[in-house]
> 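My structure is below; once you've seen it, I'll send some questions.
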Amino acid sequence: EEILKDEPKGDSAERAPIVTVMGHVDHGKTSILDAIRETKSLESEAGGITQHIGASRVVYNDNTIVFLDTPGHEAFTEMRARGAHVTDISILVVAADDGVMPQTVEAINHAKSADVPIIVAINKMDKPEANPDRVKQELTEHNLVSEEWGGDTICVPVSAISKDGIDELLEMVTLVSEMNELQAYPENTGKGTVIEAKLEKGRGPVATVLVEDGSLNVGDAVLCGNTFGNVRAMVSDIGKRINKATPVTPVEILGLEDIPNAGDTFQVVPDEKQARQIAEQKKEKEREEKLRKNQA
Ligand code: GDP
């Protein structure tokens with residue numbers, strides 16, 4: 001939730017979609033993410049090297065797409081538990097030789113309850129046993145009817161190994177993103193969500209955040225979950241030191257007092273003193289709630 005409301009400043013601009021890859025174990029989530037990164041990584045254009053900070057950008061036909069690196073449901077469960085809504089589009093990976101499995105159904109339910117559009121990637125099409133029609137049939141049992149069958153679920157046959165269909169998949173992501181008209185106000189004060197955070201030797205608390213609206217600058221005072229700080233440095237997903245992060249840039253931020261949780265929101269506040277005050281109030285409130293729960 002937002003602590004300090006501010007009116008949108010300046011003009012809105014289209015922002016990149018944030019995409020999560022989900023599906024049953026071994027259906028190829030990691031392989032698809034790798035295939036996408038190998039071909040479309042931002043690093044080749046910007047001369048950096050991909051860092052594992054929890055999210056990364058790829059460029060397809062001049063469109064930037066932000067992928068959350070944690071395949072599976074973590075991104076949904078952990079973050080949604082904190083009320084965060086960090087995904088705009090979900091790619092549901094279903095192996096063409098295996099079909100809909102329990103974790104496929106779980107993924108469908110996660111996406112549906114978060115009201116996130118699903119694009120189905122029918123993977124492992126290179127296998128002789130691949131049976132995409134069976135996958136589509138099984139999906140109808142979960143109310144996902146493919147476009148070819150008169151429904152509105154986009155299904156893209158792909159192979160993470162041969163990379164066939166990867167371009168089409170990204171094309172569909174861009175299409176759905178455009179339909180959803182994702183906007184941000186780059187001139188606003190920065191806000192977004194924590195993707196992951198840890199304590200690092202010599203660096204202190206390090207949090208990867210997604211700047212979803214406004215801009216985050218080195219030197220900004222931020223409130224981040226129950227903690228706060230002054231942004232001392234920022235490192236992008238391609239390992240570059242940056243001074244300003246606009247929507248939607250994944251960045252590591254240094255300078256927080258403590259380690260926030262994945263799914264926490266962050267926002268820029270006027271000064272560190274105010275950040276400290278609000279953070280302490282939030283901590284106090286949390287303590288009281290815990291006490292009340294224990295007494296009940
Ligand atoms: P995850 O658990 O969903 O992340 O699945 P992985 O990406 O780890 O893939 C599981 C296994 O399936 C690995 O052995 C991959 O090499 C294999 N695999 C993934 N995609 C494909 C594909 O398109 N074709 C074939 N033949 N194998 C694949």
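One-based numbering, in listed order, for ligands and for the atoms of each.
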> Could you check which of Asp97, Ile161, Asp98 puts a non-hydrogen atom nearest to atom 22 (C) of ligand 1?
Ile161

> N/O to N/O below 3.5 Å, does that happen between Met125 and ligand 1?
no

> Using a 4.0 Å heavy-atom threshold (strictly under), name the region of Asp126 that reaches ligand 1: side chain, backbone, both or neither.
side chain

> Considering only heavy atoms, does Thr30 approach ligand 1 within less than 4.0 Å through its side chain, its backbone, both, or neither?
both

> Using a strict cut-off of 4.0 Å, indicate which atoms of ligand 1 neighbour a heavy atom of Ala160.
20 (N), 22 (C), 23 (O)

> Look at atom 12 (O) of ligand 1 and find which of Gln103, Met22, Lys124 reaches it with the closest heavy atom.
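The option holding the nearest heavy atom is Lys124.
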
> Out of all atoms in ligand 1, which are within 4.0 Å of some heavy atom of Ser159? Include the element for each.
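Those atoms are 23 (O).
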
> Please list all pairs meeting salt bridge (charged side-chain N to carboxylate O under 4.0 Å, His left out) that have one or both residues in residues 144-155, counting only residues at least two apart or in different chains.
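Checked against salt bridge (charged side-chain N to carboxylate O under 4.0 Å, His left out) - neighbours excluded - the pairs reaching residues 144-155 are Lys136-Glu148.
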
> Check side chain to side chain donor-acceptor pair (under 3.5 Å) between Glu38 and all other residues, then give those that pass, not counting sequence neighbours.
Lys163

> Salt bridge check, Glu252 against Arg203: does any charged N sit closer than 4.0 Å to a carboxylate O?
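The answer is yes: the pair qualifies as a salt bridge.
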
> Polar-atom distance check: Val158 versus ligand 1, any N or O pair below 3.5 Å?
no

> Rounded at 0.5 Å granularity, tell me how far OG in Ser236 sits from CD1 in Ile53.
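Interatomic distance, Ser236 OG to Ile53 CD1, rounded to 0.5 Å: 6.5 Å.
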
> Considering only heavy atoms, does His24 approach ligand 1 within less than 4.0 Å through its side chain, its backbone, both, or neither?
backbone

> Show me which atoms of ligand 1 lie under 4.0 Å from any heavy atom of Asp26.
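So the answer, numbered in order with elements, is 1 (P), 2 (O), 3 (O), 5 (O), 10 (C), 12 (O).
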
> Does Asp98 come within less than 4.0 Å of Arg134, counting only side-chain N to carboxylate O?
no

> Look at Glu289 together with Lys285 and state whether they make a salt bridge at an N to O cut-off of under 4.0 Å.
no

> Decide if atom CD of Gln183 counts as having more than 12 heavy atoms of other residues, nucleotides or ligands within a radius under 6.0 Å.
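Yes.
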
> Can you list the ligand 1 atoms lying under 4.0 Å from a non-hydrogen atom of Ser31?
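Per the distance check, 6 (P), 7 (O), 9 (O), 15 (C), 19 (C), 20 (N).
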
> At a non-hydrogen distance cut-off of under 4.0 Å, which region of Lys127 contacts ligand 1 (side chain, backbone, both, or neither)?
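Lys127 to ligand 1: side-chain contact only, backbone stays beyond 4.0 Å.
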
> Around atom CZ of Arg287, are there more than 12 heavy atoms of other residues, nucleotides or ligands at under 6.0 Å?
yes

